[in-house]
There are 2 protein chains.
Amino acid sequence: MTKKSPSPEAVTAWARLMRVSRQLVEKTEDALKASGLPPLGWYDVLHELAEAGEGGLRPFELIDRVLLAQYGVSRLLARLEANGLVEKLPVSDDGRGQTVRITPSGRDMRRRIWAVYGASIADQMGDRLSAQDLKTLASLLGRLRDPPISD
Amino acid sequence: MTKKSPSPEAVTAWARLMRVSRQLVEKTEDALKASGLPPLGWYDVLHELAEAGEGGLRPFELIDRVLLAQYGVSRLLARLEANGLVEKLPVSDDGRGQTVRITPSGRDMRRRIWAVYGASIADQMGDRLSAQDLKTLASLLGRLRDPPISD
DNA sequence: TCAAGCTTGATGCAATTGCATCTATCCGCT
DNA sequence: AGCGGATAGATGCAATTGCATCAAGCTTGA
């Protein structure tokens with residue numbers, strides 16, 4: 001069983017992807033810290049819960065959406081709850097489960113994070129690539145996703 | 001002072017970039033773990049040191065190359081040294097510093113990691129995009145880098 | 001019905017990361 | 001020479017993450 005070797009083009013693209021994504025995240029996290037706001041992971045969850053509306057979400061539904069391990073979700077939700085940003089409700093038809101819902105304070109926090117996060121995205125992506133290039137980039141990345149997105 | 005808002009195209013591209021990069025890393029880390037190999041970060045350092053040759057590198061030179069904080073480099077090098085993959089040499093003209101050099105065992109480990117890492121890159125990038133698309137992707141990502149790379 | 005196995009979510013413990021600070025050395029200046 | 005500040009690297013402590021496992025509730029099939 002012989003191992004595959006990547007093409008030089010694949011290696012270059014990979015290296016850039018790794019470096020760029022880490023740089024973008026780091027700058028954004030720095031901006032959040034500088035504003036006294038919580039890390040990006042909090043935003044992801046608050047965003048999903050805000051989109052989900054009053055019905056909320058089950059923790060296991062968050063696992064794939066925010067790409068965290070089960071214990072990661074469990075602990076992140078505990079932190080959010082401790083900060084009053086989400087609330088956990090028992091769910092009637094499954095005694096094991098719970099439904100997690102964003103609170104008004106959580107919505108507010110989401111907005112405040114977005115003010116910084118959105119600006120960071122604009123700075124780091126919007127200002128550097130044209131709308132057309134951004135679409136091309138998104139499309140190429142979509143084909144790397146699992147499952148791939150063709151647009 | 002009004003905060004900038006990102007364009008929808010920028011947000012989509014950002015979201016894809018975040019998700020894809022995390023997915024790719026996670027799959028690769030899983031593959032390494034499955035082979036009983038150390039994490040990606042070890043490869044990065046071993047790779048830089050291998051490229052640097054016999055002269056080795058100073059720890060502070062690794063900071064920018066592998067995008068780790070100073071204490072991150074310090075501790076990662078300690079782990080690598082504890083595993084006999086690198087060696088630290090005092091440097092003559094600066095009593096504070098040290099030179100870090102990869103050992104034969106380190107080179108070997110690098111090769112073994114690459115067997116898995118390279119296959120993962122081939123699987124996840126090479127097999128999904130054409131050489132032309134990979135070049136386009138690398139070029140677009142290069143413009144997001146700091147400092148940007150125009151090719 | 002009820003045991004075996006699966007799913008949901010939490011948690012003890014170890015490893016890693018982040019932050020702040022420390023030590024040691026070096027450099028520039030007076 | 002010697003003081004003040006900068007630089008190289010390490011480290012104590014707290015927070016986070018990863019791994020393994022647990023408890024509780026559900027579901028299936030004999």
Side-chain angles (χ1 to χ4, degrees), chain A residues 22-23 25-45 48-49 56-83 85-101, chain B residues 22-23 25-45 48-49 56-83 85-101:
Chain A
R22 290 179 53 185
Q23 261 188 193
V25 168
E26 193 187 334
K27 276 205 181 163
T28 306
E29 295 281 14
D30 286 350
L32 290 172
K33 259 173 253 170
S35 301
L37 292 168
L40 274 182
W42 289 37
Y43 180 84
D44 290 345
V45 170
E48 292 299 332
L49 291 177
L57 286 176
R58 301 283 301 268
F60 71 85
E61 295 178 289
L62 279 166
I63 294 177
D64 3 305
R65 306 193 195 209
V66 301
L67 294 186
L68 280 182
Q70 180 271 320
Y71 55 80
V73 169
S74 174
R75 295 205 258 226
L76 180 44
L77 288 175
R79 267 172 260 156
L80 292 172
E81 188 185 31
N83 282 271
L85 305 178
V86 307
E87 55 191 350
K88 296 178 176 178
L89 314 166
V91 63
S92 51
D93 59 335
D94 188 337
R96 294 165 299 183
Q98 54 192 268
T99 290
V100 183
R101 198 166 57 184
Chain B
R22 291 180 51 186
Q23 261 187 196
V25 168
E26 193 188 333
K27 275 205 182 161
T28 305
E29 295 281 15
D30 285 350
L32 290 173
K33 261 173 252 171
S35 302
L37 292 168
L40 275 182
W42 290 37
Y43 179 85
D44 291 343
V45 170
E48 292 299 334
L49 292 177
L57 286 176
R58 301 282 300 268
F60 72 84
E61 296 179 288
L62 279 167
I63 293 177
D64 5 303
R65 305 191 194 211
V66 302
L67 294 187
L68 280 182
Q70 180 271 321
Y71 54 80
V73 169
S74 173
R75 295 207 257 228
L76 180 45
L77 287 176
R79 266 172 258 153
L80 292 172
E81 187 187 29
N83 282 271
L85 305 177
V86 307
E87 54 191 348
K88 297 179 177 176
L89 314 166
V91 63
S92 51
D93 60 334
D94 188 338
R96 296 165 298 182
Q98 53 192 265
T99 289
V100 182
R101 197 167 55 183

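In what follows, chains carry the letters A, B, and so on, assigned in the order in which the sequence lines appear, proteins first and then strands, with residues in each chain numbered from 1. Both backbone and side-chain heavy atoms feed into the values below; hydrogens, waters and symmetry mates do not.
Side-chain contact between A/Lys27 and A/Gln23 is absent, with no heavy atoms from C-beta onward closer than 4.5 Å. Side-chain contact between B/Val100 and B/Leu49: present, with at least one pair of heavy atoms (C-beta onward) separated by less than 4.5 Å. Residues B/Glu26 and B/Asp30 form a side-chain contact, since some pair of their non-hydrogen atoms from C-beta on lies under 4.5 Å apart.
Boundaries of the chain A contact region on DNA chain C are C/dT7 to C/dC19, first to last in 5' to 3' order (nucleotide atom under 4.0 Å from a heavy atom).
Heavy-atom distances under 4.0 Å link DNA chain D to A/Arg75, A/Arg79 of residues 73-82 of chain A, given in residue order. In the region residues 61-70 of chain A, proximity to DNA chain C at under 4.0 angstrom, judged on heavy atoms, holds for A/Gln70.
Closest approach of B/Asp44 and A/Arg22 over heavy atoms only: OD2-NH1, 4.2 Å. For the pair A/Glu48 and A/Leu57, the tightest heavy-atom approach, listed with the atom from each and the gap, is O-CD1, 4.0 Å.
If you take CH2 on B/Trp42 and CG on B/Asn83, they are separated by 4.0 Å, rounding to the nearest 0.5 Å. In this structure, NZ on B/Lys33 lies 11.0 Å from OG1 on B/Thr28, to the nearest 0.5 angstrom. Note that CG of B/Leu76 is 8.5 Å distant from CG of B/Leu62, once rounded to the nearest 0.5 Å. If you take CD on A/Glu61 and OG1 on A/Thr99, they are separated by 8.0 Å, rounding to the nearest 0.5 Å.
Mapped onto DNA chain D by nearest heavy atom, A/Gly72 and B/Phe60 fall at different nucleotides, with B/Phe60 at the one closer to the 5' end. With the nearest nucleotide of DNA chain C identified for both B/Arg96 and B/Pro39, B/Pro39 has the one nearer the 5' end.
Between the side chain of B/Arg101 and the backbone N or O of B/Lys88, no donor-acceptor pair lies under 3.5 Å.
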